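What follows is one structure encoded as structure tokens, with my remarks underneath.
Since the structure is predicted, the reported quantities are computational estimates derived from the model, not experimental observations. Counting from 1, the numbers follow the sequence of the chain as shown.
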Amino acid sequence: MKLIYSDFKKGEAKIKVENLDDLWHLNQIVEKDDLIKGKTLRKIKIGDETQRKQKIAKKTVFLLVQVEKVEFSKTSNVLRVSGTVREAPEDVPLGSHHTFNIEENSIITIIKQKWLKFQIDKLKEVSKESKAKILLCVNDREEAYFALMKNYGYQLLANIKGTVTKKADVKQKETNFYKEILKQLVEYDKRYNLSKIIIASPAFWKEELMKEIADEKLKNKIILATCSSVGENAINEVIKRPETENALKQDRIAREFRYVEELFVEISKNNLASYGLKETKDAAIAGAAKTLLITDSFIQKKRMENEYESIDDIMKIVDGTKGDILIISSEHEAGKKLDGLGGIAAILRYKINY
């Protein structure tokens, strides 16, 4: 979760949802009578009320809604926040009902009369969770910019320039400059322990740079992208590229794989694991659950069966005993392996007797 802005004295916090875990945390933070503000889709009647056939169209509007109900959708990974409209454009009646469908990449402002300490702590804790360490490099044959992605945007690390001057030795100068860029990439990789490096350029300059990279380990971290220029504007352009979004998703998937592999190691070697609904609940109640792993398909199944409360209780217990909670996608192999164990499991702090 990204905490974009907060003024808890005024009761406001603006957030961006980044993954499925965030939806669960948000479900614990948003309460009845809170105010939710943001862009949302609304069906609007077009035409005079006296007309026999009024057209209805969906329109993006900015609304302020007083919360009456918070629930997960039974059919998709969406948090539904329903309530009464308090502020709206003229074509939306005040006092009418509306539902915000909050999903990944949704941006909303939460307004409370009073934020409790545990709610503020939870919001700050979730927003500080480790993110993928991604380096952005935009370059051509004469200039390169390096930036490190941050929660709030990016941190510009360096800008280096080559010395391409005479036409006769342009190729030699280019090669030397690419080696200089490579040296900088290697240094930043060691310094920040990068998970991904996105190299972007206009035209074919990124491919020319790739020819200089022999280290396979470094190559495996690199994703190529395109930008229209070289400079700080290009960095902002690359951040919005789908390649950058995919890099963040890949890091998330890698993290999910690591936890599921750790779970299977604990099952086979150390017996520091529990799996299945009853066993995992027992471990959570005993305070032994260090990390709770649960698939999104298992959550959805329980919603469809009107039994979501049973796993929500487990998540609350684990959260209350300072355990970590990770919701894992069933779309990849790690999620499928966890579904094979019942869709829910825990890595334990210590062994327990069932």
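Residues Arg42 and Val85 come closest through the heavy atom pair NH1-CG2, 4.3 Å. Across all non-hydrogen atoms, the minimal contact from Ser96 to Pro93 is OG-O, 2.6 Å.
Judged purely by atom type and a 3.5 angstrom limit, Arg80 has no side-chain atom pairing as donor or acceptor with the backbone of Thr99. Looking only at distances, a side-chain donor or acceptor of Thr244 sits under 3.5 Å from a matching main-chain atom of Val238.
Salt bridge absent: Glu333 and Lys336 never bring a charged side-chain N and a carboxylate O closer than 4.0 Å. Here Glu307 does not pair with Lys301 in a salt bridge; the nearest charged N to carboxylate O distance is not below 4.0 Å. A salt bridge links Lys59 to Asp91: at least one charged side-chain nitrogen sits closer than 4.0 Å to a carboxylate oxygen. Under the 4.0 Å criterion applied to side-chain N and carboxylate O atoms, Lys112 and Glu31 are assigned as salt-bridge partners.
Side chains of Tyr188 and Gln184: a donor on one and an acceptor on the other come within 3.5 Å.
In this structure, Glu305 places its CD atom where more than 12 heavy-atom neighbours from other residues, nucleotides or ligands lie under 6.0 Å away. Atom NZ of Lys219 has more than 12 neighbouring heavy atoms from other residues, nucleotides or ligands inside a 6.0 Å radius.
Tested against Glu187, the residues Lys190, Arg191, Lys183 include a single salt bridge (charged side-chain N to carboxylate O under 4.0 Å, His left out) partner, Arg191. Screening Val138, Ile181, Val230 for a side chain to side chain contact (heavy atoms under 4.5 Å, CB included) involving Glu143 leaves a single residue, Val230. Partner of Gln66 under the side-chain hydrogen bond (donor to acceptor under 3.5 Å, both in side chains) criterion, chosen from Thr84, Asp34, Asp33: Asp33.
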